[in-house]
Number of protein chains: 2
Amino acid sequence: MTKVVVIDDEAAICRALRINLTARDYQVATAGDGASGLAAIARERPDVVILDLGLPDMDGTEVIKGVRGWSTTPIIVLSAREQEQAKVAALDAGADDYVTKPFGMDELLARLRAAVRRAVPSDEQPVISNDHLLIDVAARRVSASGNDVRLTPTEWQLLEILVRNRGRLVTQRQLLHDVWGPNYTTELNYLRVYMAQLRRKLEPDPARPRYLLTEPGMGYRFT
Amino acid sequence: MTKVVVIDDEAAICRALRINLTARDYQVATAGDGASGLAAIARERPDVVILDLGLPDMDGTEVIKGVRGWSTTPIIVLSAREQEQAKVAALDAGADDYVTKPFGMDELLARLRAAVRRAVPSDEQPVISNDHLLIDVAARRVSASGNDVRLTPTEWQLLEILVRNRGRLVTQRQLLHDVWGPNYTTELNYLRVYMAQLRRKLEPDPARPRYLLTEPGMGYRFT
DNA sequence: GCGAATCTTCACGGTTTCTTAACGGCTCCT
DNA sequence: AGGAGCCGTTAAGAAACCGTGAAGATTCGC
């Protein structure tokens, strides 16, 4: 059975969605603010999330980023008609779709079906482990030669993207877009600085990298 | 580079999209009706399709079904505000998203980025594999006789075009246009230099190519 | 508020990649 | 046989790119 988490501060909407979705054999959990919404997602591991952007306690994009750190669950955003800017920000933060309020239930259901259909069958949690390195993405732990390594938030985001795409080349544009946002896709400096820091912390010989490889002119690759 | 096919019967919209998308480094092809739209999708193999529902010759859902028969390319639907019913039908037919006319360019671009980003996992990119060669376009990996081969950005672009059109002749003009841009379509030198480099890196006997074949006076072909 | 950690920005030297030109071999045509 | 055009090969200078250290600016925790 498909599991849905609904995050909305309007109780009426939560109730309406719960009734409609339950009637169509979805399993529904609701939350009234961002913090409890994140908790619900972590607890329920839903197949899809419906998220209202106008939450009382935190910005909607913060919720999205919080989820995208460890999960690829589809997120459908609800927003008032005027928040054009917020919609764009939400999609760039990693939302999969949005519906403007007031919305037709038929439309929401169609989008829900589309989102679930698209979803990739849940992927395994990446854990890298070899003689020298141990990277546990879910637990946010990294150690090199047996010693725990502390990474800053930015370093971690960068490493996580590379690890999730291990073996594949990740382009500079994509890294910059996913870590710094859509307006920073030309700041190649940032990549150089942070790749150097990651290598200093992770590589046995930072000057001759074994894991964090450069593909000149294109991007980086974790192997 | 991301390739987009736009299908809309309003020439003004086609033109506006072409200009905006080209400026953002998308590669754009346009079609004015459903039939030529389907042909364009089959020919161009775009990364994403923008489809107007109000086409003169056939219903938009027919176009979607026609594509979904053999491809999972993301489809973003354009529709007038009133066609609520048609939107639902389009999403159920396999469309991935829709935007109501009149639309904001920012919103469309954000949805485009979201659609392309989502599509990557499910999109099966060509992988060439035989005794001697292994080419994984998605991961940007090439190996010859078991050894990993490093390619420069230009070498990659060239090889990728040939691989995507494997078996077919690709003209010199098209290669030059797609790799170096519209102002370089006479620099046949570039092709010779880079084909030689690719052969040196990929062919078992570079002087007698098995995969990267020359069609004198016309172009090259990957087999 | 204050100190520490983190992020942004800059400049320099070394390396890789791109561009360009020249030369010889080959095929086809006259 | 000779010439013209096309192709493959090589090499060298120019341009772009990368790694690095370090110095402000900003944020965060106390």
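Order of the sequence lines fixes the chain letters, A, B, ..., with proteins taken first and strands second; residue numbering starts at 1 for each chain.
Protein atom CD of Glu187(B) is 17 Å distant from nucleotide atom P of dG8(D), rounded to whole Å. Here the C1' atom of nucleotide dC7(C) and the CG atom of Leu176(A) are 14 Å apart, to the nearest Å. Counting to the nearest Å, the C1' atom of dT17(C) and the CG atom of Leu151(B) are 13 Å from each other.
With axes fitted over five pairs at each extremity, the angle between the ends of the helix from dG1(C)-dC30(D) to dT30(C)-dA1(D) is 40° (10° resolution).
In this structure, Gln172(A) reaches the sugar-phosphate backbone alone: every heavy-atom distance under 4.0 Å involves primed, P, OP1 or OP2 atoms, never a base. Within 4.0 Å (heavy atoms only), Trp180(B) reaches sugar-phosphate atoms of the nucleic acid but no base atom.
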Interface polar pairs with nucleotides 25-30 of chain D, N/O, under 3.5 angstrom:
none

Atom pairs under 3.5 Å: protein N/O with N/O of nucleotides 13-15 of chain D:
none

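Around the CZ atom of Phe103(B), the shell of radius 6.0 Å holds more than 12 heavy atoms that belong to other residues, nucleotides or ligands. Remark: Asp148(B) CG is packed, more than 12 non-hydrogen atoms of other residues, nucleotides or ligands lying under 6.0 Å away.
Contacts with DNA chain D (heavy atom under 4.0 Å) in residues 208-223 of chain B: Thr214(B), Pro216(B), Gly217(B), Tyr220(B), listed by number. Contacts between residues 188-203 of chain B and DNA chain D, defined by a heavy-atom separation below 4.0 Å, involve Arg192(B), Val193(B), Ala196(B), Arg199(B), Arg200(B), listed by number.
Summarising the geometry, atom CG belonging to Leu17(B) is positioned 9.5 Å from atom OG1 belonging to Thr22(B); distances are rounded to the nearest 0.5 Å. Atom-to-atom distance recorded for Leu55(A):CG and Leu53(A):CG is 7.5 Å, nearest 0.5 angstrom. Note that CG of Leu21(B) and CG of Leu112(B) are 6.0 Å apart. Values are rounded to the nearest 0.5 Å.
For the residue pair Thr30(A)/Arg18(A), the side-chain donor-acceptor check at 3.5 Å is satisfied. In this model, no donor atom of one side chain and acceptor atom of the other lie less than 3.5 Å apart for Ser145(B) and Asn147(B). Residues Glu160(B) and Trp156(B) bring no donor and acceptor atom of their side chains to less than 3.5 Å of each other. Arg168(A) and Thr223(A) share no donor-acceptor pair across their side chains, judged by distance under 3.5 Å alone.
The pair Asp97(A)-Arg111(B) counts as a salt bridge, with a side-chain nitrogen and a carboxylate oxygen less than 4.0 angstrom apart. A salt bridge links Glu215(A) with Arg221(A): the distance from a Lys NZ or Arg NE/NH1/NH2 to an Asp or Glu carboxylate oxygen falls below 4.0 Å. Salt bridge annotation for Asp205(B)-Arg199(B): absent, with no cationic side-chain nitrogen under 4.0 angstrom from a carboxylate oxygen. Electrostatic pairing of Glu155(B) and Lys201(B) counts as a salt bridge here, judged by a charged N lying under 4.0 Å from a carboxylate O.
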Contacts under 3.5 angstrom, residues 185-196 of chain B side chains, donor-acceptor by atom type, not counting sequence neighbours:
from      : atom 1 : to        : atom 2 : distance (Å)
Asn189(B) : OD1    : Arg192(B) : NH1    : 3.4

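Remark: Thr152(B) is not in phosphate contact with dT16(C), judged by side-chain N or O atoms under 4.0 Å from OP1 or OP2.
Within the 4.5 Å cutoff, no side-chain heavy atoms of Ile50(B) are placed close to those of Ile7(B).
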Could you walk me through whether Ile161(A) and Leu159(A) pass the side-chain contact (heavy atoms from CB on, under 4.5 Å) test, one step at a time? CA-CA 6 Å; Ile161(A) 294 171; Leu159(A) 181 64; over 6 Å; no
